[in-house]
Number of protein chains: 2
Amino acid sequence: MPPKGAATPTAPVVRDLPEPPVLPEPLPEPAIDDLRLETVLGVLSDPLRLTIVRKLLLEREQFDHTCGWFGLDRPKSSLTHHFKALREAGVIRQRQYGLERRSHVRRADLDTRFPGLLDLVIAWTPATR
Amino acid sequence: MPPKGAATPTAPVVRDLPEPPVLPEPLPEPAIDDLRLETVLGVLSDPLRLTIVRKLLLEREQFDHTCGWFGLDRPKSSLTHHFKALREAGVIRQRQYGLERRSHVRRADLDTRFPGLLDLVIAWTPATR
DNA sequence: TGCTAACTTCGACTTCACTCGTACAAGTTC
DNA sequence: GAACTTGTACGAGTGAAGTCGAAGTTAGCA
């Protein structure tokens with residue numbers, strides 16, 4: 001992921017950028033050494049959450065995405081629940097951009113602690129029934 | 001422990017049961033193409049079941065093992081529950097040897113469908129607390 | 001100042017999974 | 001056949017997790 005917090009010599013006067021010049025702090029999440037396999041597996045054992053993580057991995061991972069970007073047909077309160085579960089298990093990182101809460105997969109951390117796991121998520125396809 | 005299913009010729013009357021084959025048939029289990037990642041992850045998200053699978057993988061995998069072999073400090077009915085869950089998810093194969101029901105990991109099937117997953121189980125260690 | 005959008009928090013409901021006691025079944029051994 | 005061993009089946013209790021409506025919070029904006 002490219003570091004975009006570098007102070008540019010040209011002071012930004014344009015304010016409608018999708019990405020603020022300073023990256024917001026991530027919401028509370030477990031440190032890489034606190035990631036637990038059983039917790040990560042448990043949080044990934046849900047088809048909806050597998051869909052979320054897989055979509056994050058496949059499409060434009062270099063950017064964060066809002067909850068609404070996924071186009072999931074669930075109430076917002078349900079989505080909040082699942083995104084929170086993913087974040088507290090250490091699978092995704094969430095940052096607050098003004099009103100929006102954007103997410104991306106902690107790919108480097110997961111590849112370090114559980115190599116190959118995200119490849120299984122990418123290869124996953126929903127059940128056909 | 002080797003299988004001891006050899007029928008003794010001193011049996012007075014052969015019941016109307018079929019002659020036992022060399023290797024007992026596996027208990028009902030999903031075919032390899034029916035293995036579902038979300039189901040396998042869900043069944044492996046339990047520390048006790050991770051312990052069972054990891055022990056099967058690490059110690060003398062070439063043999064089947066009975067439930068009692070694991071030395072788990074749980075009632076038998078609880079162990080039955082977990083072994084059944086593992087078998088129905090496709091993680092282990094169980095065969096009936098007389099009184100005993102022996103289990104081993106479906107390593108080849110899992111490596112084919114979910115490469116790298118069992119390596120994560122082997123590398124897993126229980127939480128220290 | 002008030003409206004809107006994006007998301008959270010709360011709470012209730014439901015469903016599901018884990019735990020385990022009890023009873024039962026099937027081989028083994030004496 | 002009786003006792004023992006190994007494990008299953010059933011069912012109840014408990015707690016965790018998913019679902020989602022309703023109300024609240026916050027940032028941007030007119």
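As the structure is a computational prediction, the values presented were derived from the model and not from experiment. Order of the sequence lines sets the chain letters (A, B, ...), proteins ahead of strands, with each chain counted from 1.
Summarising the geometry, atom OG1 belonging to A/T125 is positioned 5.5 Å from atom CZ belonging to B/R36; distances are rounded to the nearest 0.5 Å.
The CZ atom of B/R74 sits 13 Å away from the C1' atom of C/dA17 (whole-angstrom rounding). Here the P atom of nucleotide D/dC20 and the CG atom of A/L48 are 10 Å apart, to the nearest Å. Summarising the geometry, the separation between CZ on A/R87 and C1' on C/dT8 is reported as 11 Å, rounded to the nearest angstrom. Between the C1' atom of D/dC20 and the CG atom of A/D73 lies a distance of 13 Å, rounded to the nearest Å. Residue B/D46 contributes atom CG, which lies 6 Å from atom P of C/dT19 at whole-angstrom precision. Atoms CG (B/L79) and P (D/dG7) sit 9 Å apart, rounded to a whole Å. Summarising the geometry, the separation between NE2 on A/H81 and P on D/dA17 is reported as 8 Å, rounded to the nearest angstrom. Whole-Å rounding puts the B/K84 NZ to D/dG7 C1' distance at 13 Å.
The two residues A/D34 and A/R113 make their nearest non-hydrogen contact at N-NH1, 4.2 Å.
Using a 4.5 Å cut-off on side-chain heavy atoms (C-beta onward), A/Q94 and A/E29 make no contact.
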Please evaluate residues A/I52 and A/I92 with respect to the criterion side-chain contact (heavy atoms from CB on, under 4.5 Å), reporting the C-alpha separation (whole Å), side-chain torsions for both, the decisive distance (0.1 Å), and the verdict. CA-CA 10 Å; A/I52 291 172; A/I92 65 173; 5.6 Å; no
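Residue B/R49 has a polar side-chain atom (N or O) positioned under 4.0 Å from OP1 or OP2 of C/dC18. For the OP1/OP2 pair of D/dG7 and a distance below 4.0 Å, the side-chain nitrogens and oxygens of B/T80 include no atom meeting the criterion.
For A/S77 against D/dG21, a side-chain-to-base donor-acceptor contact under 3.5 Å is present.
When heavy atoms are screened at a 4.0 angstrom cut-off, B/H82 is found touching the sugar-phosphate backbone but no base atom.
Distance from the side chain of B/K76 is smallest to D/dG7 among C/dG21, D/dG7, D/dC20.
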